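This one's a predicted model, so the numbers in the text were calculated from it and none came from an experiment.
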Amino acid sequence: MTLKKEQLKSELFHLLAYYSKYYFGQFTECESLYNQEKGHISLFYLLALLENIIKSSLNDFESTFFNLIKKLKIENLINETEQNFLNDSELGVRKIRNILAHANLSKYDLKLENELKTYPFTENETCLIIYERLSDIISGIIIKVIKPHLNVELEIELDGFIEKLDYTFITRTPEELMAFKAIPTSPIWDELDESTKYRLVEDSPDVNILTELFRNLKQ
């Protein structure tokens, strides 16, 4: 039986209940947080859960995420399209994981195909968008990873879903963000370290919005 996309999460709930009550509880928490619109934490938990289940399945708790995915491919637990989805350095799950865990979120925006606006990683909505687009596919990959331990006969076809993904990531400089908010720089600006620049821009109000508010107050 080949599972449809809308069946992947419900099937994963069922299988995790047999594979590990702990991981079942963690996946339940991920979905609960997402339904409460807690974007950052739900996405972060989902990616951590994926990595932990892969480590458990391979009995390898020392390798990097990149090497774990390579092992899954070597053992024919995932195919090449799924490997690229997980490990691609520009668009893969590994990229998102590294942004959330190791990067300055202010640097990155999500860009959806056919949309002019972009979505900063510092915004809760951005992580909700990513969770909505990726969680079914990640659920399918987890099923493929734990399936050999459960002796179940299921066909998981994810290539078509992966190929339809329509996002990219954009790296923003502090100066770009300043320009977006119409904030002028000063000589002191160049003396600041990069982290401080991003933090100050993030905390600063948008001058364009304030100008419009003041204009409306005068009418």
Worksheet item: How are the rings of F13 and F27 set to each other: parallel, tilted or perpendicular (split at 30° and 60°)?
Response: tilted
Practice prompt. Look at the side-chain heavy atoms of Ile, Leu, Val, Met, Phe, Trp and Tyr, link any pair under 4.5 Å apart, and say whether L105 and I170 land in one connected group.
Written response: no
Discussion item. Less than 4.5 Å apart, side chain to side chain, heavy atoms only: is that true for R94 and I69?
Written reply: no
Worksheet entry | Reported CD1-to-CZ distance for the pair I96 and F44, which is rounded to 0.5 angstrom | 13.0 Å
Fill in: Close side-chain approach of C127 and L100, heavy atoms under 4.5 Å
yes
Worksheet item: So, the side chain of N52 versus the backbone of A48: is there a donor-acceptor pair under 3.5 Å, distance only?
Response: yes
Worksheet entry | CG on L50 to CD1 on I142, rounded to 0.5 Å | 5.0 Å
Discussion item. Counting C-beta onward and ignoring hydrogens, is there a side-chain heavy-atom pair between I130 and Y167 closer than 4.5 Å?
Written reply: no
Worksheet entry | Heavy-atom check, side chain of L49 versus side chain of I138, under 4.5 Å | no
Practice prompt. Could you go through the salt bridge (charged side-chain N to carboxylate O under 4.0 Å, His left out) check for K111 and E115 one step at a time?
Written response: CA-CA 7 Å; K111 173 73 168 63; E115 287 195 21; over 6 Å; no
Worksheet item: Which value, rounded to the nearest 0.5 Å, describes the distance between I99 atom CD1 and F169 atom CZ?
Response: 5.5 Å
Worksheet item: Does the side chain of S106 come within less than 4.5 Å of V201's, by heavy atoms?
Response: no
Discussion item. Quick check for you: to the nearest 0.5 Å, what is the distance between K71 atom NZ and I54 atom CD1?
Written reply: 12.0 Å
Practice prompt. Count the heavy atoms belonging to other residues, nucleotides or ligands that lie under 6.0 Å from NZ of K38, then report whether that count exceeds 12.
Written response: no
Discussion item. Check whether H102 reaches the backbone of R97 with its side chain - one donor and one acceptor, N or O, closer than 3.5 Å.
Written reply: no
Worksheet item: Is the closest side-chain donor-acceptor distance between E31 and Y131 under 3.5 Å?
Response: yes
Worksheet item: How many angstroms lie between atom CD of E62 and atom CG of N67, to the nearest 0.5 angstrom?
Response: 12.5 Å
Discussion item. Would you say that K107 contacts F121 through its side chain, given a criterion of any heavy-atom pair below 4.5 Å between the two side chains?
Written reply: no
Discussion item. What's the separation between atom CG in L77 and atom CD in Q83, rounded to the nearest 0.5 Å?
Written reply: 12.0 Å
Worksheet item: Once the angle between the rings of Y18 and H14 is folded into 0 to 90°, is it parallel (under 30°), tilted (30 to 60°) or perpendicular (over 60°)?
Response: perpendicular
Worksheet item: Is a salt bridge present between E82 and K73, judged by a nitrogen-to-oxygen distance below 4.0 Å?
Response: no
Worksheet item: Any luck finding a side-chain donor-acceptor pair between Y108 and T126 under 3.5 Å?
Response: no
Item to complete: Tell me, yes or no, whether the heavy-atom count around Y45 atom OH, taken from other residues, nucleotides or ligands under 6.0 Å, exceeds 12.
Response: no
Practice prompt. Please confirm whether the backbone N or O of E37 pairs with a side-chain atom of N124, one donor and one acceptor, at under 3.5 Å?
Written response: yes
Worksheet item: Does any N or O in the side chain of E176 come within less than 3.5 Å of the main-chain N or O of T173, such that one atom is a donor and the other an acceptor?
Response: yes
Item to complete: Look at atom CD of E80 and say whether more than 12 heavy atoms of other residues, nucleotides or ligands are closer to it than 6.0 Å.
Response: no
Worksheet item: Counting only heavy atoms not in K70, do more than 12 fall under 6.0 Å of its NZ?
Response: no
Discussion item. Any heavy-atom pair between the side chains of I143 and L15 that's under 4.5 Å?
Written reply: yes
Worksheet item: Can you hop from I78 to L165 via hydrophobic side chains spaced under 4.5 Å?
Response: yes
Worksheet item: Can you check whether V145's main-chain N or O pairs, donor with acceptor, with S57's side chain at less than 3.5 Å?
Response: yes
Fill in: Heavy-atom side-chain contact between I162 and N84 under 4.5 Å
no
